[in-house]
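Along the sequence shown, residues carry numbers from 1.
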Amino acid sequence: MPQYTPPIRDMQFLLYEVLDAIAQLKAQPAHAEIDAQTINSVLEEGGKFAAEVLAPLNLSGDREGCTLDRATHAVRTPKGFKEAYAQYVLGGWPGLSKGAEYGGQGLPVIVNQCFNEMLNSANQAWNMYPGLSHGAHAALHAHGTPEQKAMYLPKLSSGAWTGTMCLTESHCGTDLGLMRSKAEPQADGTYRITGQKIFISAGEHDLAENIVHLVLARLPGAPAGSKGISLFVVPKFLVHADGSLGARNSIFCSGLEEKMGIHGNSTCQMTLEGAIGSLVGEPHKGLHAMFVMMNAARLGVGNQSLGLTEVAYQNAAAYAKERIQMRSLSGPKAPEQPADPIIVHPDVRRMLLTARAYAEGGRAMAMYTALQIDCMLASDDEDERKNAADTVALLTPIIKAFFTDNGWIATSACMQVYGGHGYIHGSGMEQFVRDARINMIYEGTNTVQSLDLLGRKVLGDNGAKLKKFGAQIAAFVEEQGTVESMQEFINPLAELGDKVTKLTTELGMKAFGNADEVGAAAVDYLRILGHLCFAYFFARMAKVALAKKDSGDPFYTAKLATARFYYAKLLPETAALIRSARAGLAPLMEMDAVLF
Ligand SMILES: Cc1cc2nc3c(=O)[nH]c(=O)nc-3n(C[C@H](O)[C@H](O)[C@H](O)COP(=O)(O)OP(=O)(O)OC[C@H]3O[C@@H](n4cnc5c(N)ncnc54)[C@H](O)[C@@H]3O)c2cc1C
């Protein structure tokens, strides 16, 4: 069975040595009292919960899966999931970063980011049950009426109830404008919603007493397409004004999907037969309101792959030190044994370091982004809030798509380190690969993320958000440009920054001529920007590691070696990607569809 050790040292390195998180948080009135001791104890306790309670349920949860009782529509989660959830609620974990006004603990989002990474490493399928509640909470917080907030937010904060997002229908996934579910207004101000949703994560389960579904549907006479979709909150059990539970609402699980991975999470077909709901936000503006949840979920999905990358790496690294096969090409390294441990082989190291670099680069970027969210939510300076919001908007599709593509590469590489043993269920490695695959698909496929990045976030505002983030990189390049020991990082970083600027301008011009040019280049472009971000964060980490390299602490030696590996072996991928992005539309569209 795979083992998991929470990467607390690396999180502390980022918090206190790279990102200077305490000083930044303390400048925000809501976090004026925050200190390292509080954060450290949350990381320690959260890490224990992840490693000791959740991780042991991952393999068994995968094997057992969820079961649906068709007569009652009840879904049973794998053995131990319910008890773990009860422990999670008892520990106050659901409300870690939620506002105190609704019963949360009000800790910074960056702390929750670290906690969630650990939960994802331990058990992605389990973490999807509470995971969706965060986005449901955020959407209701942003767009709910005072009554809706009072009714739902305290229960979502405490974890007594969980949330879902009900968007997808069998004929409409990416294109939500095709949606058919209907909402009929009632005389009492509520709505009766009818329709069939599919693929709804955590749509039904036995962990919490109520489930708060956020459902997209159309009002009578709604405009066609995505401008005619409204958002409704539809509880599994209706809720009385005093907060107590009432009758069972007519929204129920009519089928469970059989799928490639995340078996411990219920992926439900949900049937609504005149289910009672209330409108969230304005009529026909449901997609706008839902985007609050979708953006939170996109960051959450990137974080899922970060967690999987870390745990896969840890296990593959341990295995590579123990498994003996063949001798090193340059002569025996463990002559006392009949063969050398496979970690002596350069290509095994390539696979391990790829996963390690994607985990460490991803962690730095995710924690940086979480700090921007803290600033966006809690700074008392309007300009700071706006700048932080722009950065988060720019980085969200990159975190979703780049992390999940990397997660797929990394988990597959780590499985490869195990050879045939990685392909066998008991090692746990093939589960990481299967679990990682969905992260590239849901919450908007990675293609859709890349279109959002290049089309909306970059070209859509004439590159303003990118310029703002690029200015941070340029300032770092300027600051470190004359430091001899940093040249190996600064020169390639500056060079890539220039190339991105040129490429962006070039793609913008092409897109003027033909909007399809965006679609032809977007996936390459997102990956190039992902690498630009990782190069920036690795350079920042290397700066600290270089300053501490004589401290004797092997942590810094390893950090520097990982940064060098990243720059030497992974970053060069950008040269091919830039070439591919420049190739444009013609090679993709030349062949007539009938010839496929
Ligand atoms: C396990 C699981 C859990 C899920 N959980 C939820 C959930 O909780 N709630 C929910 O509402 N949904 C959920 N989904 C649905 C998920 O979000 C969708 O599957 C996803 O958004 C893609 O939609 P689709 O499957 O209909 O694919 P389609 O939209 O049919 O896309 C098919 C392919 O076409 C590509 N494509 C589509 N449009 C374009 C375009 N304009 N340009 C380029 N390429 C394009 C896509 O990228 C994809 O590769 C889940 C799905 C799964 C499998």
Side-chain angles (χ1 to χ4, degrees), residues 166-181 195-200 216 218 222-229 255 257-262 267 269 287 294 298 301 305 397-398 400-409 412 433-434 436-460 502-531 573-596:
C166 300
L167 287 68
T168 306
E169 297 175 9
S170 60
H171 62 286
C172 97
T174 303
D175 191 352
L176 292 169
L178 300 173
M179 185 168 296
R180 291 189 194 133
S181 291
Q196 180 76 42
K197 300 284 179 182
I198 61 163
F199 298 166
I200 304 308
L216 289 178
R218 288 183 181 284
S226 58
K227 295 205 168 79
I229 297 173
E257 305 296 351
E258 283 182 27
K259 53 195 193 286
M260 176 178 178
I262 53 166
T267 305
Q269 294 156 17
L287 217 46
M294 284 152 81
R298 285 171 180 185
V301 171
S305 282
I398 304 176
K400 194 299 180 167
F402 190 56
F403 285 25
T404 60
D405 285 350
N406 292 345
W408 174 243
I409 294 166
S412 178
V433 179
R434 285 187 288 104
R437 190 60 184 86
I438 184 57
N439 300 345
M440 299 154 81
I441 298 174
Y442 58 21
E443 261 330 302
T445 63
N446 286 0
T447 302
V448 169
Q449 303 303 319
S450 72
L451 293 172
D452 178 47
L453 176 71
L454 180 57
R456 286 183 58 229
K457 304 284 171 61
V458 175
L459 301 181
K502 279 193 201 122
L503 179 67
T504 308
T505 311
E506 196 180 308
L507 295 177
M509 306 281 280
K510 277 190 181 173
F512 262 127
N514 183 348
D516 265 341
E517 291 284 357
V518 172
V523 167
D524 293 328
Y525 185 82
L526 185 144
R527 199 153 176 85
I528 296 163
L529 247 58
H531 275 302
E573 184 194 2
T574 49
L577 289 166
I578 290 171
R579 212 165 152 186
S580 168
R582 287 212 161 112
L585 201 50
L588 298 165
M589 303 311 257
E590 191 185 342
M591 195 155 76
D592 196 285
V594 293
L595 297 176
F596 277 83

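Between atom CD1 of residue I528 and atom OG of residue S580 there is a gap of 8.0 Å, rounded to the nearest 0.5 Å. Interatomic distance, L176 CG to L167 CG, rounded to the nearest 0.5 Å: 5.0 Å. Distance CG/D524 to CD1/I578: 10.0 Å, rounded to 0.5 Å. If you take CD on E517 and CG on L454, they are separated by 10.5 Å, rounding to the nearest 0.5 Å. In this structure, CG in L529 is found 11.0 Å from CG in L577, a value given to the nearest 0.5 Å. Taken from CD1 in I200 to SG in C166, the straight-line distance is 4.5 Å, to the nearest 0.5 Å.
The heavy-atom pair separating V518 from A511 by the smallest distance is CG2-CB, 3.6 Å. Scanning both residues, Q196 and S181, for their nearest heavy atoms gives N-OG, 3.9 Å. G407 and A436 make their closest contact through O-CB, 4.1 Å (heavy atoms, listed as atom of the first residue, atom of the second, distance). Of all the heavy atoms in L507 and A521, the pair that sits closest is CD2-CB, 3.7 Å. Across L216 and M179, no two heavy atoms sit closer than the pair O-SD, 3.3 Å. Of all heavy-atom pairs between L526 and S450, the closest is CD1-CA, 3.6 Å.
Taking N446 as the reference, K400, T404, D405 meet the side-chain hydrogen bond (donor to acceptor under 3.5 Å, both in side chains) condition, with sequence neighbours excluded. Scanning for side-chain hydrogen bond (donor to acceptor under 3.5 Å, both in side chains) contacts around K259 gives T267, with sequence neighbours left out. Checked against salt bridge (Lys or Arg N to Asp or Glu O under 4.0 Å), E506 has the following partners two or more places apart in sequence or in another chain: R582. Under the rule for a ring pair (Phe, Tyr, Trp, His ring centres under 6.0 Å), the partners of F402 that lie at least two apart in sequence or sit in another chain are H531, F534. Applying the side-chain contact (heavy atoms from CB on, under 4.5 Å) rule to R218 yields the partners A222, I229; only residues at least two apart in sequence or on another chain are considered. Residues that satisfy the side-chain contact (heavy atoms from CB on, under 4.5 Å) test with M509, not counting sequence neighbours, are absent from this structure. Listed by chain and number, the residues in a side-chain contact (heavy atoms from CB on, under 4.5 Å) with V448 are T174, T445 (sequence neighbours excluded). With sequence neighbours excluded, the residues satisfying salt bridge (Lys or Arg N to Asp or Glu O under 4.0 Å) with R456 are D452. Every residue meeting the side-chain contact (heavy atoms from CB on, under 4.5 Å) condition with Y442, not counting sequence neighbours, appears here in chain and number order: Q124, M128, I262, V301, Q304, I438, N439. A search for side-chain hydrogen bond (donor to acceptor under 3.5 Å, both in side chains) contacts involving R298 returns nothing, not counting sequence neighbours. Every residue two or more places apart in sequence or in another chain was checked for a side-chain hydrogen bond (donor to acceptor under 3.5 Å, both in side chains) with S412, and none qualifies.
Considering only heavy atoms from C-beta on, K510 stays 4.5 Å or farther from L585 through its side chain.
Sequence neighbours left out, the pairs with a member in residues 166-176 that pass salt bridge (Lys or Arg N to Asp or Glu O under 4.0 Å) are E169-K197.
In this structure, Q449 contributes its side chain and G444 its backbone to a donor-acceptor pair below 3.5 Å.
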Check your understanding: Hey, mind stepping through F403 and I398 against side chain to side chain contact (heavy atoms under 4.5 Å, CB included) and telling me if it holds?
Key -> CA-CA 7 Å; F403 285 25; I398 304 176; 5.9 Å; no
